[in-house]
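All residue numbers refer to positions in the sequence shown, counting from 1.
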Amino acid sequence: MSNYYNVTTPAEGTDGKTRFNKVGVAFPRNDGAKSVMTIQLFATPLNGELVLFEPKTSGDGES
């Protein structure tokens, strides 16, 4: 399990492919916490949809 997740929002490109724009990060809470995650957004998704991904490992060209 990752220490954090990238929070993204999907957007369809002009070529019809879906791209995911990073809009924040999510941190899992400790065991026994009343909440599951803390999410920090640095952009507002206009479509109201959020998708979480584990970060890519180093060597993939992106962190």
Side-chain angles (χ1 to χ4, degrees):
M1 185 173 189
S2 176
N3 291 338
Y4 72 95
Y5 295 90
N6 290 317
V7 179
T8 65
T9 186
E12 187 174 330
T14 56
D15 58 0
K17 294 182 180 179
T18 300
R19 307 241 178 349
F20 292 90
N21 300 311
K22 186 173 176 181
V23 294
V25 291
F27 300 96
R29 299 293 302 238
N30 295 330
D31 290 339
K34 291 184 179 183
S35 62
V36 177
M37 289 195 165
T38 298
I39 300 173
Q40 296 177 343
L41 297 177
F42 44 78
T44 302
L46 298 178
N47 63 3
E49 185 175 354
L50 298 173
V51 180
L52 280 72
F53 289 102
E54 287 191 13
K56 294 181 179 181
T57 58
S58 61
D60 288 346
E62 191 175 320
S63 56

*Asks:* Of all the heavy-atom pairs spanning Pro45 and Leu50, show the shortest one and how long it is.
*Replies:*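 That would be CG-CD2, 3.6 Å.
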
*Asks:* So if you build clusters from Ile, Leu, Val, Met, Phe, Trp, Tyr with side-chain heavy-atom gaps below 4.5 Å, do Val25 and Val51 land together?
*Replies:*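 Looking at the clustering, Val51 is in a separate group from Val25.
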
*Asks:* Might you point out which heavy atoms bring Ile39 and Ala26 nearest each other, and give the distance in Å?
*Replies:*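 Here Ile39 and Ala26 meet closest at CG1-CB, 3.8 Å.
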
*Asks:* Is it the case that atom CG in Asn30 sees more than 12 heavy atoms from other parts of the structure closer than 6.0 Å?
*Replies:*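 Open.
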
*Asks:* Keeping Thr9 on the side-chain end and Glu49 on the backbone end, is there a donor-acceptor pair under 3.5 Å?
*Replies:*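 Indeed, once roles are kept as given, a pair shorter than 3.5 Å links the two residues.
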
*Asks:* In terms of the angle between their ring planes, are Phe27 and Tyr4 parallel, tilted or perpendicular, with boundaries placed at 30° and 60°?
*Replies:*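 If you compare the ring of Phe27 with that of Tyr4, the planes turn out tilted.
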
*Asks:* Minimum heavy-atom separation for Asn47 to Pro10, with atom names?
*Replies:*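 In this case the closest contact between Asn47 and Pro10 is ND2-O, 3.0 Å.
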
*Asks:* According to a 4.5 Å side-chain heavy-atom criterion applied to Ile, Leu, Val, Met, Phe, Trp and Tyr, with indirect links allowed, do Met37 and Val7 form part of one hydrophobic cluster?
*Replies:*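 Shared cluster, yes.
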
*Asks:* Is it possible for you to say whether Val36 and Leu52 belong to one hydrophobic cluster, with membership spreading through side-chain heavy-atom contacts below 4.5 Å?
*Replies:*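 Per the 4.5 Å side-chain linkage, Val36 and Leu52 are co-clustered.
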
*Asks:* Would you call Tyr5 and Glu54 a side-chain contact if the rule is heavy atoms closer than 4.5 Å?
*Replies:*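 Contact flag for Tyr5/Glu54 side chains = yes.
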
*Asks:* State the CZ-OG1 distance between Arg19 and Thr14, to the nearest 0.5 angstrom.
*Replies:*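 So the gap between those two atoms works out to 7.5 Å.
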
*Asks:* Does any non-hydrogen side-chain atom of Phe42 lie less than 4.5 Å from one of Lys22?
*Replies:*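 Of all side-chain heavy-atom pairs linking Phe42 with Lys22, at least one is under 4.5 Å.
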
